[in-house]
Amino acid sequence: MKYRPLGRTGLDVSILSYGASSLGGVFHDIDESQGVRTVHEVLDLGINLIDVSPYYGLTKAETVLGKALREIDRDRYILATKVGRYGDDPADFDFSADRVKASVDESLERLGVDHIDIIQCHDIEFAEFDYVMNEAIPALREVVAAGKAKFVGVTGLPLTVFTKTMDRLGPDGFDTILSYCHFELNDTTLLPIARDFAEKGLGVINASPTGMGLLTERGAPDWHPAPESIMAVCQEAVELCKSRGKPITDLAIAYAVSEPSIASTLVSSSNPANMRRNIAAAEAELDTELLADVQRVLQPVMDQTWHSGRPEYAA
């Protein structure tokens with residue numbers, strides 16, 4: 001496994017990291033004991049960054065992850081979790097200072113640890129930007145000052161989440177970003193932001209290199225927000241890879257970890273065998289010929305996305 005610096009944090013993170021959302025049964029029901037084994041195995045295979053949230057499985061993911069981590073020395077992993085999002089309805093978002101600080105304490109209890117390495121505001125595009133900046137960010141700085149966390153980050157789908165945060169706080173006002181579905185085979189719009197932020201000392205984390213299922217043989221789940229036009233072209237790319245005898249997920253992961261300005265890319269599965277394949281894909285050489293062919297197929301929808309959150313975050 002290769003490692004890269006996470007901005008100016010002083011942390012070196014594995015280029016492939018573990019997204020623990022699957023431990024919450026987000027994609028399907030899980031066997032908790034298998035999920036615990038998966039956590040142990042990915043750490044044994046070199047992954048050292050684990051990302052989770054109280055939102056995933058409505059606290060189940062943190063609870064299952066906590067069971068796994070109780071058997072692991074704390075210095076073997078870098079732990080990230082989130083605050084602010086606790087469900088899918090607008091009422092389930094709460095970035096108030098009091099709730100943020102209480103949420104950190106609840107996560108520490110579920111995870112069975114005395115500190116979190118990276119505490120992140122989760123999907124801030126669903127809240128008023130000024131409110132998050134004035135309430136949540138100062139509260140998280142208090143959490144850091146109290147020794148309950150080390151670094152502060154923001155997450156979201158619209159890339160304006162990150163540019164607005166940079167404009168407001170500057171490069172010294174936060175430490176990491178977590179973006180998803182914007183650096184993958186069909187969408188590279190994160191790239192200029194990742195390179196700019198990395199130069200400024202921010203740690204850049206990428207997630208969903210398969211576009212939340214768009215670039216898989218199973219296909220996108222029913223709830224996927226992408227328009228049919230994107231789904232159809234992505235499936236053409238899937239079929240091309242199948243015809244070459246190479247799963248598109250392997251190519252997607254190899255491509256995602258190839259960009260040096262992105263410190264780490266998150267993937268999620270509660271199945272140890274799946275994670276072994278994902279790790280092997282991250283460690284394999286990128287097939288540049290297949291990549292070029294796949295991106296030619298994807299060209300009609302390249303860099304197309306969908307809106308998420310409040311109008312103020314629209315590009």
Side-chain angles (χ1 to χ4, degrees), residues 1-4 14-19 21-22 26-28 30-31 34-35 37-39 41-47 179-191 206-260 262 264-305:
M1 180 67 66
K2 295 179 182 178
Y3 301 84
R4 292 186 183 129
S14 49
I15 59 171
L16 194 72
S17 46
Y18 185 62
S21 59
S22 58
V26 171
F27 305 107
H28 53 75
I30 70 157
D31 177 330
Q34 179 178 268
R37 290 198 305 275
T38 301
V39 174
E41 184 147 351
V42 300
L43 292 172
D44 288 343
L45 292 174
I47 283 178
S179 171
Y180 66 101
C181 293
H182 286 306
F183 189 69
E184 55 193 40
L185 297 172
N186 60 299
D187 190 330
T188 61
T189 49
L190 175 62
L191 198 52
N206 176 44
S208 299
T210 64
M212 299 191 301
L214 283 172
L215 302 169
T216 64
E217 293 183 8
R218 180 185 296 178
D222 293 340
W223 50 261
H224 203 289
E228 179 59 36
S229 57
I230 293 179
M231 292 188 185
V233 176
C234 284
Q235 279 305 298
E236 290 179 28
V238 171
E239 293 303 318
L240 171 62
C241 288
K242 284 177 67 176
S243 72
R244 304 278 181 88
K246 297 183 178 181
I248 196 168
T249 52
D250 289 359
L251 180 68
I253 290 171
Y255 177 66
V257 302
S258 69
E259 170 53 41
I262 295 173
S264 191
T265 293
L266 289 164
V267 295
S268 186
S269 174
S270 61
N271 185 305
N274 289 343
M275 286 306 302
R276 285 194 294 271
R277 286 193 293 270
N278 291 337
I279 291 168
E283 294 176 337
E285 184 176 352
L286 178 63
D287 186 334
T288 54
E289 181 178 348
L290 180 59
L291 172 65
D293 291 343
V294 165
Q295 291 194 318
R296 272 193 290 271
V297 171
L298 291 168
Q299 191 57 46
V301 297
M302 184 63 72
D303 294 342
Q304 294 182 19
T305 187

| query | Taking it one step at a time, do Asn271 and Ser269 satisfy side-chain hydrogen bond (donor to acceptor under 3.5 Å, both in side chains)? | reply | CA-CA 5 Å; Asn271 185 305; Ser269 174; 5.3 Å; no
Check [X] against [Y] and note the closest heavy-atom contact, atom names and distance.
X: His182; Y: Thr305; answer: CE1-OG1, 3.5 Å
X: Leu215; Y: Pro209; answer: CD1-O, 3.8 Å
X: Gly19; Y: Leu266; answer: N-CD2, 3.8 Å
X: Ala256; Y: Thr265; answer: O-OG1, 3.6 Å
X: Met1; Y: Ser14; answer: CG-CB, 3.7 Å
X: Val294; Y: Leu251; answer: CG2-CD2, 3.7 Å

| task | Report the C-alpha separation of Ser22 and Ile30 in whole Å, then their side-chain angles, then the decisive distance to 0.1 Å, and conclude whether the side-chain contact (heavy atoms from CB on, under 4.5 Å) test is met. | result | CA-CA 8 Å; Ser22 58; Ile30 70 157; 5.6 Å; no
Can you tell me how far [atom2] of [Y] sits from [atom1] of [X], rounded to the nearest 0.5 angstrom?
X: Tyr255; Y: Leu291; atom1: OH; atom2: CG; answer: 6.5 Å
X: Gln304; Y: Thr189; atom1: CD; atom2: OG1; answer: 11.0 Å
X: Glu184; Y: Cys234; atom1: CD; atom2: SG; answer: 7.5 Å
X: Asn206; Y: Ser264; atom1: CG; atom2: OG; answer: 9.0 Å
X: Asn278; Y: Tyr18; atom1: CG; atom2: OH; answer: 10.0 Å
X: Ile248; Y: Lys242; atom1: CD1; atom2: NZ; answer: 11.0 Å

With a 4.5 Å cut-off on side-chain heavy atoms, are [Y] and [X] touching?
X: Cys241; Y: Glu217; value: no
X: Pro272; Y: Gln34; value: yes
X: Leu45; Y: Met275; value: no

| query | Is the backbone of Thr216 close enough, under 3.5 Å, to the side chain of Gln235 for a donor and an acceptor to pair up by distance? | reply |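 Confirmed, Gln235 side chain pairs with Thr216 backbone.
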| Ignoring hydrogens and geometry, is there a side-chain-to-backbone donor-acceptor pair from Thr38 to Ser270 under 3.5 Å? | yes
| Within residues 250-260 or reaching into it, pairs that qualify as salt bridge (Lys or Arg N to Asp or Glu O under 4.0 Å) - sequence neighbours excluded |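 Sorted pair list: Arg195-Glu259.
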| Pairs where residues 267-288 contributes a residue and the test salt bridge (Lys or Arg N to Asp or Glu O under 4.0 Å) is met, not counting sequence neighbours | Glu41-Arg276, Lys246-Asp287
| query | Can Asn186 and Val233 be said to form a side-chain contact (heavy atoms from CB on, under 4.5 Å), step by step? | reply | CA-CA 9 Å; Asn186 60 299; Val233 176; over 6 Å; no
